[in-house]
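Read through the structure below, which is laid out as structure tokens, and then see the notes.
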Amino acid sequence: MKKHLTLLFFTVAALTQVRAQKNCATAVLVTAGVHGANYEPNSQIPAPLCLNGTNSATMGIWFKYIPQNNYNIIIRTDVEGTPDTRLHVYTGSCSALTCYAGDDDSGDNYSSLVEFPAVAGTTYYIAFDNKWNSNNFSFSLTETPYVEPIDYGISFSGQQVNIGGSYRICAVDMNGDYLDDIVSPGNNAVNILYQSPNGSGFTYASLPAPSTNYLPGWSMAAGDYNKDGYNDLLYGNNSGAVVLLSNPDGTGFTSKIETSVYVFSQRTNFVDINNDGNLDAFICHDVQPNVYFLNNGNGTGTFYQGGLGNHPSGGNYGSIWVDYDNDGDQDLFIAKCRGGGGSAGINEMHRNNGDGTFTDVSIESNLSDMIQTWSSAWGDFDNDGDMDLMVGANSTSHGGHKLMMNNGDGTFTDVTAGSGFDTNTSLSREHVAYDFNNDGFIDVMGGGNKIMFNNGNMTFSGASIPASSGPVGDFNNDGYLDIQNGSMVYFNSGSDNNWIKVNLKGMESNSNGIGARVEIHGDWGMQIRDVRSGDGFEFMSTLNTHFGIGEAEEIDQVVVKWPSGTIDIIENPDINAALLVTEGETLSRTSFNSNLFKLYPNPASDFIHINNSNNLAFANALVYDLNGRLIKTVAVEQDKIDVQNLSKGVYILMLKEQGGKYYSNKFIKE
């Protein structure tokens, strides 16, 4: 949690005494070294914000820096005094400032830390604001040898948007068109910028909402809790949490579910905990065991505490739901934090037993780390079909970042050494995993205004961007992921890489398909994603599933494994387009890809034999009824499947080959 410390500011002989000016026009020129910073009344408040948050500051401090040569620059505020301040770096002119970098809390003890390449002769305006306190402090500016930035094929450009509300931390579809909108709650209202279908901009609306004392000061999640086709909102607050439920036509929020006891909420998530087809509301508790509302299926929820992170002192910060063991259900990883150490600060992995209960497997999975974590970034970084993770540090008091590779057997191996995260000094409460340049490998965004781009071999290289961590979404519908920072949207320039965006409509499963596993297959291999509501620590990002495929020009197969057990397969989908998959739609097709294998006898009474002329290596078989309901999973032994226990009727047999692709055909049980 944010702690406000008051320290006596004192001067050392080595400190360069420069009185900061009150506005951009009179900003004092600084060079490499340590500089004192002092707030003055009636000073210019930095704007636009170069980071997420609200512009509730009342004063600013302004400097400027003009390098004589090209350098890589590091600015940090953990030098002396009270460093809990926000930092903005601009280019351009004082009348038209453009965000170049910004930070809040990426250094130790809630200090600011930014790194960026600086070009000789360019003027960089360095501004601080007093949102957290107005105490004096000092900062250092360090010039390091210039390293030519690696060209990852994309860049980001900022555009200011106007939206009300004080909590600009959510990017998700709010009107059912699968386009990412910008959501900002306020008192008695939810402010929304609806994305225009042609990518031309946004349309503003303010929707009425019930009054609540629990505005999302700590986190926010979105999902269709009441299954009316419109996303509901889950706010996390330092004294409680609330679910706001939409009305049937999505024009407002008319009811709410609130915690009735004290809950110091950190990360919030919508997830179907008991897999009954309805989303539940999970809430990390900072100082007690975690809590959640189980959905009763009628727009209400029953409050529970315990069973999903039971440490009596809490320490629960960054929950993320992910199928780490590939068994088809959602497991829970909790990034923990305790500044002074202690058992409440040990990260936890909870395996879903498939029956509504969970088992703590933190130690046996090798994930029980004592790190001031706050959040973790999960993704299949090596594209081998299982989820890896980067355990992100928000402080180095108990160690730095860790990159953990999934071994495929429920355990993880530390592969941090040489990965790039071992030398990444940027800290953050926020770490998320997305493929920002659509090259087919998942990247990590954390602190320090950088993206750690995946090199495709479990190593990562940092590249500076003007945006800080924030909600991620495709805000102009061009297939490339953009970043929101408060009232700024940083649009991704895109490149020549190809992509596909998969949108889900659940039927038996929850409406959003949260908890589904989406796979794509091609002659280049496979990629996987899990659909999640709430990752990182605070923000809510897109519920649409994005894949980049680099220079590849086709995708053989999209596979959607729904929480219900239904599997949908789409053959040869269009690339550079959005694909909408409705649960069970492909199982109702009248034709199947039977050219690769045939079933006999058909009809069958005891056994189905597979005429496998293509010599495919099938790992197992799934039997569905025509309603898309999974009936049984059976092993394939010598190209033969036992169907003796099936009732009479028509079924769909789905075969999974060892490379991960699926093939299906109908058969009749007589």
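- Tyr230 and Asn175 form no side-chain donor-acceptor contact under 3.5 Å, judged by distance and modelled atom types alone.
- Side-chain N or O atoms of Asp181 include none that pairs as donor or acceptor with a backbone N or O of Ile192 at under 3.5 Å.
- Between Lys501 and Asp474 a salt bridge is recorded (basic side-chain N to carboxylate O distance below 4.0 Å).
- Looking at Asp325, its side chain never comes within 3.5 Å of a backbone N or O of Asp409 through a donor-acceptor pair.
- For the residue pair Asn512/Asn231, the side-chain donor-acceptor check at 3.5 Å is satisfied.
- Between the Asn226 side chain and the Ser246 main chain, a donor and an acceptor come within less than 3.5 Å of each other.
- Remark: side-chain polar atoms of Asn498 are paired, donor with acceptor, to backbone N or O of Ala552 under 3.5 angstrom.
- Asp435 places a side-chain N or O within 3.5 Å of a backbone atom of Asn438 that can act as its donor or acceptor partner.
- A distance-only check finds a donor-acceptor pair linking the side chain of Asn269 to the backbone of Gly534 [under 3.5 Å].
- Using a cutoff of 4.0 Å between basic side-chain nitrogens and carboxylate oxygens, Lys505 and Glu583 are not scored as salt-bridged.
- Asp329 contributes no side-chain N or O that, together with a main-chain N or O of Asp323, makes up a donor-acceptor pair within less than 3.5 Å.
- Below 30°, between 30° and 60°, or above 60°: for Trp374 and Trp218 the angle between ring planes is between 30° and 60°, a tilted geometry.
- Side-chain contact annotation: Asn455 with Ser461, donor-acceptor N/O pair under 3.5 Å present.
- A side-chain donor-acceptor contact under 3.5 Å links Asn295 to the backbone of Leu279.
- Using a 3.5 Å distance cut-off with no hydrogens or angles, the side chains of Tyr434 and Asp535 do pair a donor with an acceptor.
- How far CE of Met387 is from CZ of Arg517: 4.5 Å, rounded to the nearest 0.5 Å.
- A donor-acceptor contact under 3.5 angstrom links the side chains of Thr459 and Asn457, judged on distance only.
- Salt-bridge formation is not detected for the pair Asp331/Arg351: no Lys NZ or Arg NE/NH1/NH2 atom is positioned less than 4.0 Å from an Asp or Glu carboxylate oxygen.
- Judged purely by atom type and a 3.5 angstrom limit, Thr411 has no side-chain atom pairing as donor or acceptor with the backbone of Ser365.
- If you check the side chains of Tyr662 and Lys561, you find a donor sitting under 3.5 Å from an acceptor.
- For the 3.5 Å distance criterion, the side chains of Tyr480 and Ser495 qualify, holding a donor opposite an acceptor.
- Judged by distance alone, the side chains of Trp378 and Asp388 never bring a donor and an acceptor atom under 3.5 Å apart.
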Chi angles and distances behind the ring-ring contact (aromatic ring centres under 6.0 Å, His included) call for Trp321, Phe333
CA-CA 6 Å; Trp321 292 80; Phe333 181 78; over 10 Å; no
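- In this structure, the side chain of Asn347 engages the main chain of Lys336 through a donor-acceptor pair within 3.5 Å.
- Ring orientation note: the planes of Phe460 and Phe381 are nearly perpendicular, at an angle over 60° on the 30°/60° scale.
- Inspection of the Asn449 and Ser464 side chains reveals no N or O donor paired with an N or O acceptor under 3.5 Å.
- Taking the six-membered ring where the residue is Trp, Phe156 and Phe436 present perpendicular rings, their angle passing 60° and hence far from 30°.
- Checked by atom type, the side-chain pair Ser511/Asp224 shows a donor-acceptor distance below 3.5 Å.
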